[in-house]
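Taking it in order: structure first as structure tokens, then the write-up.
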Amino acid sequence: MSAGMSMELSFDKKAHLLERLAFVRQYAAWVKRTPDAEWSRQQAALIDSFIENARNMPLSKENYLRIVDRRKRAEQHD
Amino acid sequence: MMPENMEIDTPGRMINFSEKQITLLDRFVLDFIQVLEQQTPYVIVSGYVAILFGRSRGTEDVDILVPRLEKARFAALHDALLSEGYEFLNAEDTGGLYEMLTGKMGIRVAKKGQFIPNIELKFFKDDIDQSVFQSRVDVVLPDAHVYISPIEVQIAYKVWLGSPKDIEDALFLFEIFRQHLNQELLKKQMTAFHVSGDEYGIIL
């Protein structure tokens with residue numbers, strides 16, 4: 001990878017993070033002004049579907065642990 | 001949620017959250033804690049803390065710290081979990097799991113036949129874990145309660161972890177609890193972790 005391309009990628013990464021952080025700020029403001037029962041109902045729909053999908057994942061626990069281990073090692077090297 | 005709806009007592013050690021809808025993830029955590037608490041006190045740390053307060057993301061695992069248990073006490077916890085329908089994902093027997101814990105590694109527990117969500121259980125590994133436990137915050141939910149790490153520690157810890165997901169968690173907690181944070185404690189934690197949140201808008 002050229003130095004120019006690497007700089008461009010790191011700029012994209014930074015811009016993407018800032019964009020995400022702006023979203024997080026807006027979302028937190030919405031959570032704060034919305035009754036607990038309402039935001040948590042919407043959050044539950046998202047989290048529950050994530051859990052339901054994960055439960056149907058055709059993975060053995062050995063493979064799952066291998067993936068987790070690999071991911072942790074990759075994060076340490078980032 | 002806050003500051004309008006949520007009640008926080010003055011030292012910030014209890015958060016009353018009685019209108020929250022319980023998710024499948026919350027239910028998994030609450031059921032696990034019911035078994036865990038019979039053998040040991042605990043504190044929940046990391047990503048689940050942000051999710052509990054509304055962060056819109058899923059997670060595979062929930063990190064729970066417990067004081068170092070005697071081997072017999074751990075064996076009792078192990079047996080209680082198995083009899084309640086949990087399994088340990090690590091391919092170890094009781095002795096092996098205990099060795100992992102004393103070797104500062106986490107062990108993973110899930111409902112039998114499912115590996116997501118799972119609990120990553122660890123013994124305290126240093127003074128930071130110990131102090132997180134000592135100042136744990138009681139969160140009162142509709143039909144139960146959980147103990148979590150102080151929010152200030154979580155913010156600093158997440159900034160220190162430094163992945164985009166962790167920075168987002170830190171900022172989310174900062175924004176949600178902004179008016180209630182102990183600024184001195186947050187500053188102290190940021191210094192302890194040798195981090196600054198300035199570039200992400202986590203400004204003290």
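A note on names: the letters A, B, ... follow the listed sequences, proteins ahead of strands, and every chain is numbered from 1.
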Name the option with the most non-hydrogen atom pairs under 4.5 Å to chain A; the candidates are [options].
options                              : answer
B/Asp169, B/Ile167, B/Thr23, B/Asp26 : B/Thr23
B/Glu87, B/Arg55, B/Glu168, B/Glu175 : B/Glu168
B/Glu199, B/Arg108, B/Arg57          : B/Arg108

Using non-hydrogen atoms and a 4.5 Å limit, figure out which bit of [X] sits close to chain A: side chain, backbone, both or neither.
X        : result
B/Ser18  : neither
B/Gln114 : side chain
B/Ile51  : both
B/Ser163 : neither
B/Arg27  : neither

Q) Measuring from A/Leu17:CG to B/Lys165:NZ, what's the distance to the nearest 0.5 Å? A) 13.5 Å
Q. Nearest 0.5 Å, what's the NZ-CZ distance between A/Lys32 and B/Phe177?
A. 10.0 Å
[X] atom [atom1]: more than 12 heavy-atom contacts under 6.0 Å:
X        : atom1 : value
B/Asp143 : CG    : yes
B/Gln21  : CD    : yes
B/Glu99  : CD    : no

Q) When heavy-atom pairs shorter than 4.5 Å are enumerated against chain B, which of A/Glu52, A/Glu38, A/Gln43 gives the highest number? A) A/Gln43
Q.
For chain B, which candidate among A/Gln42, A/Arg41, A/Met57 shows the most heavy-atom pairs at distances under 4.5 Å?
A. A/Arg41
Q.
If I compare all heavy atoms of B/Phe17 with all of A/Trp39, which pair ends up nearest, and what's the gap?
A. CZ-CZ2, 3.5 Å
Q | Over all atoms of both residues, closest heavy-atom pair of A/Arg25 and B/Tyr200 | A | NH2-O, 3.0 Å
Q) Are B/Asn118 and A/Tyr64 side-chain neighbours, meaning at least one heavy-atom pair lies under 4.5 Å? A) yes
Q. If we only count heavy atoms from C-beta on, is the B/Leu25 to A/Phe50 side-chain gap below 4.5 Å?
A. no
**Q.** Contact class of A/Leu21 relative to chain B, heavy atoms under 4.5 angstrom
**A.** both
Q: Go through the steps to decide whether B/Leu24 and A/Ile47 satisfy the test side chain to side chain contact (heavy atoms under 4.5 Å, CB included), and finish with yes or no.
A: CA-CA 7 Å; B/Leu24 289 176; A/Ile47 290 180; 5.7 Å; no
Q) Within the distance-only criterion (no hydrogens, no angle test), does the side chain of A/Tyr27 pair as donor or acceptor with the backbone N or O of B/Gly54 below 3.5 angstrom? A) yes
